[in-house]
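One structure below.
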Amino acid sequence: MQVTVTVNDTEYTREVEPRLLLIHFLRDELGLTGSHWGCDTSNCGACVVWLDGTPVKSCTVLAVMADGRAVRTVEGLERGGQLDPVQQGFMECHGLQCGFCTPGMMMTARWLLDRNPDPTEAEIREAISGQICRCTGYENIVRSVRWAAGHSAPEATEATEVTA
Amino acid sequence: MTATEQHGAPAAFGPMRRKEDARFVRGRGSYVDDIVLPGMLHGAVLRSPHAHARITSIDTAAAEAHPKVKAVITGQTLAGLNLAWMPTLSNDTQAVLATDKVRFQGQEVAFVVAEDRYSARDALELIEVDYEALPAVVDARRALDADAPVIRDDVDGRTDNHIFDWETGAAARTEEVFRDAEVTVAEDILYPRVHPAPLETCGAVADFDKVTGKLTVWETTQAPHAHRTLYAIVAGLPEHKIRVISPDIGGGFGGKVGIYPGYVCAVVGSIVTGKPVKWVEDRSENLMSTAFARDFHMRGEVAASRDGRIRAVRVSVLADHGAFNGTAQPTKYPAGFFGVFTGSYDLEAADCKVTGVYTNKAPGGVAYACSFRITEAVYLVERMVDVLAYRLGMDPAELRMRNLLRPDQFPYSSQTGWVYDSGDYQRQLALAMELAGYQELRAEQRERRERGELMGIGVSFFTEAVGAGPRKHMDILGLGMADGADLQMHPTGKAVLRISVQTQGQGHETTFAQIVANELGIPADDVEVVHGDTDSTPFGLGTYGSRSTPVSGAATAVVARKVRERARIVASAMLEVSPDDLEWDGARWFVRGDPDQGKTIPEIAFAAHSSLELPDGVEGHLDAQTVYNPPSLTYPSGAYICVVEVDPGTGGVKLRRLVAVDDCGVRINPMIVEGQVHGGLADGVGMALMQVIAFDSDGNCLGGSFMDYLLPTAMECPSWELGETVTPSPHHPIGAKGVGESATVGSPPAVVNAVIDALRPYGVRHADMPLTPAQIWRTIQGRPFRTDLAIT
Ligand code: FES
Ligand code: FES
C-alpha cells in the first residue's frame, strides 16, 4: 500500500505492507532511529511520537493509519537549531542515563507543557505513567520537566495549535 | 532532597553535565538496532513451546521455500560447524540451537535469516518441529529427588540435576555458638527469580567479511573484550580477526554480560549468507530466555544474646540455575560473593552452604545489579536481623546500631574471610534516621496503630564487596579481572582515554574524563573517552558488579599519573631544573621555592612533541598505558529507611518514603552517583513489590511480557530522599568505591521490612517477595503463597 506521511514537516511517500507498524516505518523506512521499540504489549512507551499533535505509542499504530497525517518525533523537537527546553532540561537535570526511554519521555513532556505550562510533580508523574524508565527511578525526569517548565517556552508547536 | 557532607573533593570532581547527552536528547544515539549495513539481512529465532521435550524431527523445507528467506539454521547445521553447543561463563555448556532436547520454554531451536524482520518472523511459522514432551523439573526443591528427570543427559554419566556445593565459614564453630546462644531464630526466605529487563532488549549485527576474514559484531554487551576472546576460542579465529563493538546500550543491569545463542546465530547467519545479519529479540523472548537473576531459596538462622548482640549467622541455600549454568561469577565463587552474608556486623561465627541445581527454566543466576549475589546475601541478613528484632521485641534500628562494625575495626576481616576496607556505619545509620525523622515516624506509627491503620517503617543496612577483582583470586573463564587503560596526549594538551569498560548509561564518557582532568589539571571537556570497541581499546573484563570505577577508574587515575610523571621530566628540561625540584600544584609542575616558574600539561605536551632536547633515555611524547590489578575489593555501604502504608482491605502497599544514605567513598560526579542510586531504588521497589518470573507446573513461564512482569512506573515511585557519608577507600587511587548496584542491593530489604513491620498487628514475621496485594492479603490470612510457582 502507498502511504504519505508528514514527519517532522517533511512529506514522505512509501510503499508499505499493510501490517507495518508506525515505529518500524519511522525507524526502518525513514531511518529515524531516535524513537525506540521496547516491548510487544504497548507497555513501555519507548516508541512514543506525536500523531497530529497527540502522543501515541507508535508500536500500536499501523503506518497506514498515519496516511495523510502529521508525525513528530524526537528528531523534530529541536527548532531552528535550538534545543527544546525539554531537551535542555533533561541534560541539565540528568534526566537520562542509557537514553533509551528518553525520546518518548521528552515527547510526552513537551505535549504536557504545551497544555499545562506549570505542571506539579504529581501531574508530571501521571503524564509519563504509561512509560517505563529502567535507569533513572523517574526522579530526575520529573526534575527535568520542571526545569523545562521554568525556562522559556519554544515557538508554538502543532500540539499547541491543536489545543487552540 | 540531598544532605551532603563537606569533604575535600578535588576540583575536577563535582556535578558536571554529561557529554553523552548531546546525542541522546537529539535522538542521535546509536543502539544496536539502529545499525544498518548495506545488504543487511534479518534473523529471527524459533523457540521451544515446551519446558522439557525431546525433539523428534525438524522440517524446514517450507520455511526455506519462502521467497524472502535466505537461510534456515538448525542445531544440525551448527553441529556440522561444531557450534551447536557453546561454553557458558561458568564452564558449563549451553545449546546454541537445540539438537537433542529442549530444556526450557523459550529455548532456541532454529534461526531464520530473511530479507526483512517481518518475513523472518513469518518463516518461523513455517518450520515444523515435532516434540515428545517430557516431565519438567520446575520446583527447585524437587530437583534433587531420586525420581527427578535428568535435565542434562547431554553430559556423559550425569544421573542427577546437581551442579555444585559450596561452603564458607566455620560449621563447627558456628554450631557451638548456636548451642550456647540465649536466643536463636530461623526463617525460610526466598529471593525469587527476577529479570533485569533493560528497556533495550538484546541484539546483534554480525558482519563477516569473507575477503579479509574479519568478523565484526555489534552487540548489546557489557563485556566486549570477554566476548571477543570467547568467540576466538570457540570459533578458532585469532582475536585480531574479530571486532566486537558495543555501541550505545539501552541499559544492561547484568543482563548483557553473557553470550546469548542469538548472537552466535547472527554470526553464523552472516558466514552462511555472506551478508550482514541483524538479530534483535522481542520483549517476550528477552523475558523468557535471557539473563535471569536470583532464584535463591534460603534458610537463615541467627544466634544472639537476649540483650540483642548478634553472635552468629548460618545459612543454607538452594540455588536454581535453570537448564544451563550460565551464571557470570568469578570462577572460584560459584555462589558469587554471597559470602558477605555476615552483613555489616561483628560476629563470633558464620557458616554457609550453597547447593546449585538444574531446573527446566532459562539459564539463571546471571546477574541483575546484584554485585555477584550480594543482593541475595544482604536481603537474607537484613531480613533475619528484623526477624530477630521481632523475636526480641527490639527496635530494628537500635538492634542494628548495637551490632554495626565500629570505625576502629577497619580494615575488618569477616568470619567468611572478606576484608572490609573502610566505613563509618553508626554515623551513616544515624544520618539516615535523622533524615527520616525516625523517632517521629515511630510515634506516628503508634498513634495510627491505635486507630487500626497499617503503617510500617523498614530499616536496612548493607555492605557490598565490589570492584572484582584481584586477578590472583578472581577470573572469568581463566581471564583475570584486571583492566587496561591507555592515555594519549595530543601536542595541544588534549587527551584521548581508552578504556575497556563500557557504559550502559553510567556516564563513563563524563566521569572518566573527570578523573583524567583531576589528575592532569586540564578541563574534562578536553578529554575524549573511547570505549566499547575492541579494536580501539585495551583489554579488560567489562562493566558489571559495580566494577567500572573501582577497577577501570583506578586504571584511569594510574595512567594519568604516569603521564604526569612523564610530564615532570619534560618540564624539568623546559625549566632547566632537576625533576626532583619540581612540585605539582594540581595544574602545573612548578619549581619548588619559585612558584612563578611552572608549566601546565598543555605547555608540557607541546614541548614533548617539539624539538626540545630531552634528558638522555627519555622518550618524547607523553602517552602512557597501564593495567590495573586491584589489590582488594572496595566496600560501599548504605543505610536505608522506608515508610509504607498498607491497605488491610486490598493488601495494596503505598510507598510513602525511601531514604537512602550511601557511602561510596569519594564521588567523582555526585549528580551521576545520585542518578545511579535513584535508579537502583526504583529497581529494588520493583523487586520487593511487583517483579517476579514465576512458572506453572508444566514449566510455562508466567512472566513473559510487561503485562505480567510488572515494572515500577513514576506512579509507584516516591520522590527519593538521599544523603551521603564519605569514607574513602584506603587502597583505591582516588578513594572511590563503586555505587552502580548499591541501591538495588539495599532497597528490597528496606521495603520488605517496612511492609512486614506494617503487618505486625497480624503477627506476621515474614512473607516472600514480591509483596503484591494478593500476597499481602493471603499473608494477613495466615497463608502466604510461594511466589516462584503458579498459585493454584
Ligand atoms: S514499544 Fe513498548 S509501548 Fe511501544
Ligand atoms: S534512561 Fe535508560 S530507560 Fe530511561
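Because the structure is predicted, anything quoted here is derived from the model rather than measured. Chain naming here is simple, since letters A, B, ... match the order of the sequence lines and numbering starts at 1 in each.
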Sequence neighbours left out, what passes side-chain hydrogen bond (donor to acceptor under 3.5 Å, both in side chains) with A:T108? Give chain and number order.
A:Q131
Within the 4.5 Å heavy-atom criterion, are B:L655 and B:C642 side-chain neighbours or not?
yes
Those residues of residues 55-63 of chain A, ordered by number, that approach chain B below 4.5 Å (heavy atom to heavy atom)
none
Side-chain donor or acceptor of B:Y544 paired with backbone N/O of B:Q222 under 3.5 Å:
no
Where does B:R28 contact chain A at under 4.5 Å (heavy atoms): side chain, backbone, both or neither?
neither
Is it the backbone or the side chain of A:E17 that comes under 4.5 Å from a heavy atom of chain B, or both, or neither?
side chain
Please check this pair: side chain of A:Q97 against backbone of B:G675, looking for a donor-acceptor N/O pair closer than 3.5 Å.
yes
If I measure from the heavy atoms of chain B, does A:T136 come under 4.5 Å with its side chain, its backbone, both, or neither?
backbone
Result of checking A:L32, A:D28, A:T33 against A:L30 for side chain to side chain contact (heavy atoms under 4.5 Å, CB included)
A:L32
Under 4.5 Å from any heavy atom of chain B, what part of A:L96 do you find: side chain, backbone, both or neither?
both
Would you say the side-chain atoms of B:E20 and B:T510 include a donor-acceptor pair closer than 3.5 Å?
yes
What part of A:E78 lies closer than 4.5 angstrom to a heavy atom of chain B: side chain, backbone, both or neither?
side chain
Mind checking what makes salt bridge (charged side-chain N to carboxylate O under 4.0 Å, His left out) contact with B:K654, not counting sequence neighbours?
none
Applying a strict 4.5 Å limit to non-hydrogen atoms, the region of B:Q504 in contact with chain A is backbone
Chain A contact via B:D33 - which portion, at a heavy-atom distance below 4.5 Å
both
Proximal component of B:S284, with respect to chain A [non-hydrogen, under 4.5 Å]
both
Residue from B:Q676, B:E674, B:E724, B:R667 passing side chain to side chain contact (heavy atoms under 4.5 Å, CB included) with B:D662:
B:R667
Comparing A:M106, A:M105, A:R27, A:Q88 against chain B, the one with the most heavy-atom pairs below 4.5 Å turns out to be A:R27
The interface call for A:L20 against chain B, heavy-atom contacts under 4.5 Å, is both
Heavy-atom side-chain proximity of B:F512 to B:I668 below 4.5 angstrom:
no
Part of A:M91 lying under 4.5 Å from any heavy atom of chain B:
both
Heavy-atom cut-off 4.5 Å, strictly under: side chain, backbone, both or neither for B:L287 against chain A?
neither
Portion of B:P15 that has a non-hydrogen atom of chain A nearer than 4.5 angstrom
neither
Does any backbone or side-chain atom of B:D34 lie under 4.5 Å from a heavy atom of chain A? Answer side chain, backbone, both or neither.
both
What part of B:R117 is in contact with chain A, defined as an atom under 4.5 angstrom from a non-hydrogen atom: side chain, backbone, both or neither?
side chain
B:L199 versus chain A, heavy atoms under 4.5 Å apart: side chain, backbone, both or neither?
both
For A:E121, give me all partners under side-chain hydrogen bond (donor to acceptor under 3.5 Å, both in side chains), at least two apart in sequence or on another chain.
A:R125
Treating B:K278 as the side-chain partner and B:M40 as the backbone partner, does any N or O pair qualify as donor plus acceptor under 3.5 Å?
no
Part of B:Y118 lying under 4.5 Å from any heavy atom of chain A:
both
Any salt bridge linking A:R79 with A:D84? Criterion: basic side-chain nitrogen under 4.0 Å from a carboxylate oxygen.
no
With a 4.5 angstrom heavy-atom cut-off, which part of B:A197 approaches chain A: side chain, backbone, both or neither?
both
Which atoms form the tightest heavy-atom contact between B:R26 and A:Q87, and what is the distance?
CA-NE2, 4.0 Å
